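Because the structure is a prediction, the values reported are computed rather than measured. Letters A, B, ... are given to chains in the order of the sequence lines, protein chains preceding strands, and every chain is numbered from 1. Note that these values count all heavy atoms, side chains included, but never hydrogens, waters or copies made by symmetry.
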Protein chains: 2
Amino acid sequence: MTPADITINDVARAAGVSKGLVSLALNGKPGVALDTRERILAAARELGFTPNPSARGLTTRRAYALGLILRRAARTIEVDPFFAAFIAGVETVLSERGQVLVLTVVPDHEAEARAYERLAADKRVDGFLLTDLLADDHRIALVQRFGSQAVSLGEPVGGSPFPVITRDYDAGIDELVAHLLGLGHRRIAHVSGDERMLHGLRRRERFEQAMRAAGLNPVIVPTDFSPEQGAEATKTLLDSAEPPTAIVYGNDPMAIAGMGVAHERGLRLPHDLSITGLDGSQIGTYIYPTLTTLDNDPAGWGIAAATALLRLVEHGEPADVALPPARLVVRASTAPPSRH
Amino acid sequence: MTPADITINDVARAAGVSKGLVSLALNGKPGVALDTRERILAAARELGFTPNPSARGLTTRRAYALGLILRRAARTIEVDPFFAAFIAGVETVLSERGQVLVLTVVPDHEAEARAYERLAADKRVDGFLLTDLLADDHRIALVQRFGSQAVSLGEPVGGSPFPVITRDYDAGIDELVAHLLGLGHRRIAHVSGDERMLHGLRRRERFEQAMRAAGLNPVIVPTDFSPEQGAEATKTLLDSAEPPTAIVYGNDPMAIAGMGVAHERGLRLPHDLSITGLDGSQIGTYIYPTLTTLDNDPAGWGIAAATALLRLVEHGEPADVALPPARLVVRASTAPPSRH
DNA sequence: TTGAAAGCGTTACCAC
DNA sequence: GTGGTAACGCTTTCAA
């Protein structure tokens, strides 16, 4: 007889009370005499009883689960260092509250919409974690239409009825550009990520602004965040009439691919070309040269997002949270330019 | 009124039948007149009805969900390129059958055991996908004790009552070693992964065997699969009295970290040192030099594992599956040695 | 403070 | 072939 087989009735019988009382006691609700409550709790512990969430959800209309739907082209499926740590952060919050994460990976927008609908219609989850937010993200409306809840990583331009988790990247970008300018760079390019994505766009804009403020002309090559396009963009830049002496990549995987291209052409890094990533990643510490980047603490995002969403779901209290600003991590991939 | 709010009663009313009949019709069971069945199906489609899995599971004792529990030290959380694609493969199978993946990430063995117990006791999942199999994996017994089901990626030494998914790596290792020998390497080292893990151990043993068969002395440095230890191992090897001219790493992230160390010491790759990964990864195509490795098709693992587990859960039919052997992918990180 | 009973949305069993 | 009803495990309401 595994713990899975013991029900509220067994506890009630063991404690010599009705199952209604057991429910009250276990959920910490008032109206149970102190000694009965203790007797019930003892019996439950003894038997190793844990309430069946499905049965529970049937009356409480909760799933005791949160949903994360990742849209990823099969081609770029593996590269994002953000998610593993993000999910780990989410988990630390969920596990201590007996909740669970339902993860779905879909290849395109169509499958994505179906996935939201299915999880919501089947009452599989109480709310969604919205990552990789697009500038004008249709998922906000989707979730509302399906009568579910959500929290978004980043602030949708159209506003959102749901809590919004943000982290200031502007200061970090400024710092990063200042760092490169301080080293003597003047021709600095930005291989931006998918500009339909909010953080991709935002970073690009701030980069341009920072460059203009320094009286310089920002060069931008947009990509889809994949290392493949990161490599392509690098070739384009290095082939141009006035190649940059420093390149800021939209994420670390693209920066690594960019390094590959530079090495291949016999450039010595960082002297012939300074390179930075964005968002930080573990592997960036172990490549050569070690990668200058902006730290992003994915686990922190996960903790904040799960906490905010649970709070909304359980108490109807939407509360935005602003995470500490991204910090510049200077490593060995940036140095004064050797040519001008 | 979202699809989530319409129940089997609404369908029954719309079709003018009892809900019992609706259940039979929707589940394709016999005992429903053809025209009534069609009327019911039409009504269900019209209303956008999807059965509530929680309510369903209450009587069928199924969760319509599979569980994946990842044990990962916070430190090595992000690096494994295997999982994203593996999960995507799992999803392709689950989504078309209305099932869902519950993902949990835990930091250590203790939390891991608790996670299995919780998911099983709460009837959150119908079975588990067992990855990163240890040589003598306690999870097999855990799952049995909790009365749940599982499928394992790799064959436990003690045998298993559950289906086993395997892929022949031996031939690939042989091929890889032969490739290096053919290039003229004689001092070949292996930076192995965690040898408590079945695939880590197995690869190491086969490597040794292949080297001995060629009359050579295999050098092994074991690690935990993290790029950090991969870098450390590389330093150890390069500092030794007779440094290797080629290193086979247990996975691609370690190989990349190893390249970092080599670059840092001014070695020209691949001429001064040949490097290979194992398991394949996308980023390996974009680093410099591009990484020779063994292809592992993580999505294929995911599809096979989910299919086998669902089959076991639904029909009680355990069926092992042997995936096609790993293929050697020769890229630019291996070349004849420049010194002897 | 407690027990009994209704109800959540489904499946399964029995009559008819 | 079909409808009614019990049962799944829980929460919640209502009486006592």
Side-chain angles (χ1 to χ4, degrees), chain A residues 1-41 43-44 47-65 98 120-124 126 314, chain B residues 1-41 43-44 47-65 98 120-124 126 314:
Chain A
M1 176 115 149
T2 69
D5 300 317
I6 96 107
T7 78
I8 198 172
N9 281 307
D10 301 315
V11 179
R13 203 172 309 121
V17 296
S18 72
K19 60 176 183 171
L21 259 200
V22 175
S23 177
L24 291 183
L26 256 39
N27 292 311
K29 302 214 172 161
V32 187
L34 196 65
D35 56 333
T36 350
R37 182 182 299 268
E38 278 172 359
R39 189 151 36 90
I40 293 172
L41 261 31
L47 295 170
F49 169 75
T50 60
N52 180 322
S54 292
R56 242 181 135 203
L58 218 44
T59 52
T60 61
R61 319 201 129 275
R62 293 257 284 109
Y64 304 98
D122 292 355
K123 298 232 184 301
R124 290 281 204 172
D126 299 317
E314 293 175 347
Chain B
M1 176 114 151
T2 68
D5 301 318
I6 95 107
T7 78
I8 199 173
N9 281 308
D10 301 317
V11 179
R13 202 172 310 121
V17 297
S18 73
K19 59 177 183 171
L21 260 198
V22 175
S23 178
L24 290 183
L26 255 40
N27 293 311
K29 302 211 172 162
V32 187
L34 197 65
D35 55 334
T36 357
R37 182 182 297 269
E38 278 173 359
R39 190 151 34 93
I40 292 172
L41 261 31
L47 294 170
F49 169 75
T50 61
N52 180 322
S54 292
R56 243 182 134 202
L58 215 46
T59 51
T60 61
R61 320 202 128 274
R62 294 256 285 109
Y64 304 99
D122 292 355
K123 298 231 184 300
R124 290 281 204 173
D126 299 316
E314 293 175 346

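Between A/Arg61 and C/dG9 there is a side-chain polar atom (N or O) within less than 4.0 angstrom of OP1 or OP2. For the OP1/OP2 pair of C/dA12 and a distance below 4.0 Å, the side-chain nitrogens and oxygens of B/Ser23 include no atom meeting the criterion. At the phosphate of D/dT11, OP1 or OP2 sits under 4.0 Å from a side-chain N or O atom of A/Asn27.
Using a 4.0 Å heavy-atom distance criterion, A/Ser54 is classed as making no nucleic acid contact. At a threshold of 4.0 angstrom between heavy atoms, the contacts of A/Val22 with the nucleic acid are absent.
Comparing B/Thr59 and A/Leu24, the nucleotide of DNA chain D nearest to each residue sits closer to the 5' end for B/Thr59. Each of B/Gly31 and A/Pro51 was assigned the nucleotide of DNA chain D with the nearest heavy atom; the assignment lying further toward the 5' end belongs to B/Gly31.
Smallest separation of non-hydrogen atoms from A/Pro53 and B/Asp122: CD-O, 3.1 Å. Across all their heavy atoms, A/Leu24 and A/Arg37 have their closest contact at O-NH1, 4.1 Å. When all heavy atoms are compared, the tightest approach of A/Ala121 to B/Thr50 is CB-OG1, 4.0 Å.
Taking atom OH on A/Tyr64 and atom P on D/dT11, their separation rounds to 7 Å, with Å as the unit. At whole-Å resolution of the value, CD1 in A/Ile40 and C1' in C/dT2 are 10 Å apart. Rounded to whole angstrom, the span from the CG atom of A/Asp122 across to the C1' atom of C/dG9 amounts to 12 Å. Taking atom CZ of residue A/Arg62 and atom C1' of nucleotide D/dT12, one finds them 17 Å apart after rounding to whole Å. Between the C1' atom of D/dG1 and the CZ atom of B/Arg39 lies a distance of 12 Å, rounded to the nearest Å. Regarding B/Lys29, its NZ atom lies at a distance of 17 Å from the P atom of D/dT2, rounded to whole Å. Taking atom CD on B/Glu38 and atom C1' on D/dG1, their separation rounds to 16 Å, with Å as the unit. In this structure, B/Lys123 atom NZ and D/dC10 atom C1' are separated by 14 Å, rounded to whole Å.
Minimum atom distance to the side chain of A/Leu21 is reached by C/dG3, of the listed C/dG3, C/dA12, D/dC10. For B/Arg56, the listed nucleotide lying nearest its side chain is C/dT11; candidates were C/dT11, D/dG3, C/dG9. Comparing D/dC10, C/dT1, C/dT11 by their closest approach to the side chain of A/Lys19 singles out D/dC10. Comparing C/dT10, C/dC8, D/dC10 by their nearest atom to the side chain of B/Thr7 picks out C/dT10. Side-chain proximity of A/Asn52 to the nucleotides C/dT10, D/dG3, D/dG9 is greatest for D/dG9. Of the candidates D/dG3, D/dC10, D/dC8, D/dG3 carries the atom nearest the B/Ser18 side chain, counting heavy atoms from C-beta on. Here the nucleotide nearest the side chain of B/Ala33, chosen from D/dT11, D/dG9, D/dT2, is D/dT2.
Between the side chain of A/Thr60 and the backbone N or O of A/Arg56 there is at least one donor-acceptor pair closer than 3.5 Å. Side-chain N or O atoms of A/Asn52 include one that pairs as donor or acceptor with a backbone N or O of A/Ser54 at under 3.5 Å.
Shown are B/Leu26, B/Ile40, B/Asp10; of these, the side-chain contact (heavy atoms from CB on, under 4.5 Å) with B/Phe49 is made only by B/Leu26.
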